[in-house]
Asker: 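Before I ask anything, here is the structure I am working with.
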Amino acid sequence: MKSVIERYNKTKDEPQQLRNPVSELKLWQREAEFLRQQLQDLQENHRQLMGEELCGLGVKELTNLENKLEMSLRGIRMQKEQILKDEIQDLTQKGSMIHQENLELYKKVNLIRQENAELYKKAYGTRDVNAVNGNTINPYRFTVSREVHAPIHLQLSQPEPQNFVMQAGTSDSR
């Protein structure tokens, strides 16, 4: 394409002798023929790269074509590997962020569990303090691994029914 533009600029800058209609027509006919030939060459090259019309090629041309294809494949593979590396890096960062968020939520759950234990102590005294630390008050159990790349397993269990039986002699002072 650059050569076409260069030829156009060259003829444009030439003296007016080429500006007569006959010489200008011949110029554009030559240009059109040149472009047709270029198109045919590109189409033939494309067909050969696609593995078609190879019977007329010699060993040297086939080797050259093979080298071009191998270099193209190498470039494609490098691009593919780079994209996969970038995706893996993004997913690793997202996984780390989710893991960090999970640790923070675990800390919040433990803090709420401790607050519930303190409230339970205030409300009911020290009689069933051990029940607070079990599954009776907080039926949900979370386990968090400290490893960055360890899989995270959260399990939600159904709360067990709680039977708060009033002991004889105690009064409800609510």
Asker: Working to the nearest 0.5 angstrom, can you tell me the gap between Leu35 CG and Gln37 CD?
Answerer: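 These two atoms lie 11.0 Å from each other.
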Asker: Among all residues two or more places apart in sequence or in another chain, which pass the side chain to side chain donor-acceptor pair (under 3.5 Å) test with Glu31?
Answerer: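 Glu31: side chain to side chain donor-acceptor pair (under 3.5 Å) contacts with Arg7.
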Asker: Enumerate the residue pairs fulfilling salt bridge (charged side-chain N to carboxylate O under 4.0 Å, His left out) with a member in residues 63-75, sequence neighbours excluded, ordered by first and then second residue.
Answerer: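 Pairs touching residues 63-75 that pass the test: none.
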Asker: Donor-acceptor pairs under 3.5 angstrom involving side-chain atoms of residues 49-65: please list them, not counting sequence neighbours.
Answerer:
residue: Glu53; atom: OE1; partner: Arg47; partner atom: NE; Å: 3.2
residue: Glu53; atom: OE2; partner: Arg47; partner atom: NE; Å: 3.0
residue: Glu61; atom: OE1; partner: Gly58; partner atom: N; Å: 2.8
residue: Thr63; atom: OG1; partner: Val59; partner atom: O; Å: 2.8

Asker: Please enumerate all residues that pass side chain to side chain donor-acceptor pair (under 3.5 Å) together with Arg77, with sequence neighbours excluded.
Answerer: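 Residues passing side chain to side chain donor-acceptor pair (under 3.5 Å) with Arg77: none at all.
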Asker: Are the side chains of His46 and Leu42 in contact, using a 4.5 Å heavy-atom criterion?
Answerer: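 A side-chain contact under 4.5 Å is absent here.
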Asker: Apply side chain to side chain donor-acceptor pair (under 3.5 Å) to Gln40 and list each qualifying residue two or more places apart in sequence or on a separate chain.
Answerer: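 Counting only residues at least two positions away or on another chain, Gln40 forms no side chain to side chain donor-acceptor pair (under 3.5 Å).
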Asker: How long is the straight-line distance from CD1 of Ile76 back to CG of Leu69, given to the nearest 0.5 Å?
Answerer: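 Reported to 0.5 Å precision, the distance equals 9.5 Å.
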Asker: One pair to check against side-chain contact (heavy atoms from CB on, under 4.5 Å): Phe34 and Arg30. What are the steps and the verdict?
Answerer: CA-CA 6 Å; Phe34 177 76; Arg30 282 192 310 259; over 6 Å; no
Asker: Drop me the distance from Glu118's CD to Glu115's CD, to the nearest 0.5 angstrom.
Answerer: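 Spacing of CD (Glu118) from CD (Glu115) equals 7.0 Å.
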Asker: I would like to know whether Asn110 and Gln114 meet side-chain hydrogen bond (donor to acceptor under 3.5 Å, both in side chains); could you show each step before the answer?
Answerer: CA-CA 6 Å; Asn110 281 338; Gln114 289 173 354; over 6 Å; no
Asker: Output yes when Arg36 and Glu33 qualify as a salt bridge under the 4.0 Å nitrogen-oxygen rule, no when they do not.
Answerer: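 Between Glu33 and Arg36 there is a salt bridge, with a charged N closer than 4.0 Å to a carboxylate O.
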Asker: Sequence neighbours left out, cut at 3.5 Å: what donor-acceptor pairs do the side chains of residues 82-90 make with other protein atoms?
Answerer:
residue: Gln82; atom: NE2; partner: Asp86; partner atom: OD1; Å: 3.0

Asker: Drop me the distance from Ile98's CD1 to Leu105's CG, to the nearest 0.5 angstrom.
Answerer: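 With rounding to 0.5 Å, CD1 (Ile98) is 11.5 Å from CG (Leu105).
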